[in-house]
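None of the values given here were measured: they were computed from a predicted structure. Both ligands and their constituent atoms are indexed starting at 1 by order of listing.
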Amino acid sequence: MSIRTIDTRSYSDQKPGTSGLRKKVPVFRQPHYLENFVQSIFDSITITPEATLVLGGDGRYYNREAIQVILKMAAANGFARVLVGQGGILSTPAASCVIRKYQTLGGIVLSASHNPGGADGDFGIKYNIDNGGPAPEKVTEAIYARSQSIAQYRIFEAPDIALDQLGATSLGSMCVEVIDPVADYADLMESLFDFAAIRALLTSGFRIRFDAMHAVNGPYAREILQRRLGAPAESLMNVVPLPDFGGGHPDPNLTYAHDLVEIMYGDDAPDFGAASDGDGDRNMILGRRFFVTPSDSLAVLAANATLVPGYKQGLAGVARSMPTSAAVDRVAQQLDIPCFETPTGWKFFGNLMDAGKVTLCGEESFGTSSSHVREKDGLWAVLFWLNVLAVQRQPVENIVRTHWARFGRNFYSRYDYEELPTEIAQGIMSHLHDSFGQLAGASFGEHRVLFCDDFCYTDPVDGSISQGQGVRIGFTDGSRIVFRLSGTGTQGATLRVYLEAYEPDASRHHLGAQEALADLIAIALQVSELQARSGREQPTVIT
Ligand code: VG1
Ligand code: CO
């Protein structure tokens, strides 16, 4: 057994996107592809002699092979210890929890989140820093720069490590500790929420249905919802994690979580439904025949935070990504706490939470969390809702409608055009940029443009600047259209169009979002020339 230095050549496509490097499995399986990226991470951070790394993934195809490679590379690169989830499993929020709890140098999380898995599916890798959160842009840029000049990597030659048995083994001078992937996270949840109250709710005839979508949250849901909170076994579905997620798309939205949606809209529907994604950081919340938009969910949690033990002191502030609706802004205003608007991607919330400026954060893409970790957290959001429901004892729909009546309703929808040819998608974005001059002050029926720009963010904590974060067209009545290109896809380009209109008048709150937003949708299609340029009549997914 010895450390070997292997010669390699750089790959030009190792630039991390919104959340790490994501590629198809066959791309990751090219010779030295994974090793190059891992060595680029290790070369971009300072590995002290006592450094501990956290390692785990969502269990998708190629997870186990990649874990073995990374363990051997960590041993060859001077780590003292690696904490690896049993079976190579750690959900994204659990990895964040473990990094923080054991004060480690950082962690590597293997996941392509909500993207499908399997031999021809997607794989991904991201690095999280010592606060438990995704590496900020200056770190991901350094990793990318390193990947472009890499010529060698180091790996310890040894047989594979057994991942299924808890306990410590050694790999050269490095200690590999196989840990229970669920326990630390479950304890953290128990410290935040009133488990006794939730248990009382779940054993009083209130019925829930949680869909783990054959992804990583299955074991977490079993331990927390079933074992610690007493939910009956039939409340959980698709709890066995599978390398290909059972052939599904582990994305908790109305399109891909259709089995759950059918149950929640069917006869004799349960009172509460929820789902999470491939790596357990997203959440979808449903009431009986009622869908809670992620933007509304964030606002409702913020407004009810003091009902939950972990947040009873109130919130320092809130933050949302730019395309997320301003529903939470209205709550912040009433609570008289600061509200921050960041670019898309959880990495932008880290500094705000580290500085104590915000407690709750959220994104329209089914992501919500708080400063208990530095990632979004699917089960946390489910437990937060259950805790609020245990106190309020009202249907989900009533809670949301009462919220709208108090704060007004932000009608919201997102249109995704997936797998467009990259030049076409970029052409639409350039066309929008070229139209800024004409758009300024223009009128479309009753809508008058107040501003249009490309969102640029200056981090209030470290002053770093992130440009080109999405085209915004704001109207004088507060409504808004946003266009941006996705940074998580692995094929072609995905164009996202976000639509939002504020409605203070409660007599109009019963309208459907598509109906309420019809004017804005027409304007979005007109100004972007989307249909003519892409040949697409309809989006791939509407949420
Ligand atoms: C999407 C979402 C974004 C989210 C990111 C990672 O990015 O829009 O809000 O943070 O996925 O989610 P994009 O660039 O495709 O729009 V996940 O669950 O990977 O952690
Ligand atoms: Co995810």
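- At a 3.5 angstrom cut-off on N or O pairs, Y498 does not count as close to ligand 1.
- Between Y498 and Y412, the ring planes are tilted. Angles from 30° to 60° get that label.
- Between the side chains of D377 and H372, at least one donor-acceptor pair of N or O atoms lies under 3.5 Å.
- Ligand-side atoms of ligand 1 in range of S113: 17 (V), 18 (O), 19 (O), 20 (O), range being under 4.0 angstrom from any heavy atom.
- For E537 (side chain) and Q531 (main-chain N/O), no donor-acceptor pair under 3.5 Å exists by modelled atom type.
- Close contacts of ligand 1 with R496, meaning ligand atoms under 4.0 Å from a residue heavy atom, involve 8 (O), 13 (P), 15 (O), 16 (O).
- Interface atoms of ligand 1 facing K376, defined by a heavy-atom separation under 4.0 Å, are 4 (C), 6 (C), 10 (O), 12 (O), 17 (V), 18 (O), 20 (O).
- Residue-environment remark: NZ (K23) exceeds the threshold of 12 foreign heavy atoms within 6.0 Å.
- The closest protein non-hydrogen atom to atom 20 (O) of ligand 1 is D281 OD2, 2.7 Å.
- By the 4.5 Å heavy-atom criterion applied to side chains, Q86 and P181 are counted as neighbours.
- Below 30°, between 30° and 60°, or above 60°: for F272 and W385 the angle between ring planes is between 30° and 60°, a tilted geometry.
- Counting only heavy atoms of the protein, atom 5 (C) of ligand 1 lies nearest to R282 NH2, 3.8 Å.
- When each atom of ligand 1 is checked for a heavy atom of G345 under 4.0 Å away, the hits are 10 (O).
- Evaluated by nearest non-hydrogen atom to atom 10 (O) of ligand 1, the leading choice among E363, R22, R414 is E363.
- Listed by number with element, the atoms of ligand 1 under 4.0 Å from a non-hydrogen atom of G487 are 13 (P), 14 (O), 15 (O).
- Numbered from 1 in the order shown, with element, the atoms of ligand 1 that lie under 4.0 Å from a heavy atom of S365 read 2 (C), 3 (C), 4 (C), 8 (O), 9 (O).
- No other N/O/S atom of D279 lies as close to the Co ion (ligand 2) as OD1 does.
- Between Y457 and F455, the angle of the ring planes lies from 30° to 60°, which puts this pair in the tilted group.
- Checking only distances, R484 does come within under 3.5 Å of ligand 1, N or O to N or O.
- The pair D122-R60 does not count as a salt bridge, with every side-chain nitrogen at least 4.0 angstrom from each carboxylate oxygen.
- There is no side-chain donor-acceptor pair under 3.5 Å between Y417 and S534.
- Rounded to 10°, the angle formed at the Co ion (ligand 2) by OD2 of D277 and OG of S113 is 90°.
- When V109, T488, T92 are checked for heavy-atom proximity to atom 7 (O) of ligand 1, T488 turns out nearest.
- Using a 4.0 Å cut-off between heavy atoms, D277 contacts ligand 1 through its side chain alone, with no backbone atom that close.
- Less than 4.0 angstrom separates some heavy atom of T344 from each of these atoms of ligand 1: 3 (C), 8 (O), 9 (O).
- Results of the salt bridge (charged side-chain N to carboxylate O under 4.0 Å, His left out) test with E364 over R282, R480, R414, R484 single out R414 as the only residue that passes.
- At least one donor-acceptor pair under 3.5 Å links the side chain of Q14 to the backbone N or O of Y33.
- When the Co ion (ligand 2) is compared with the N/O/S atoms of D281, atom OD1 turns out nearest.
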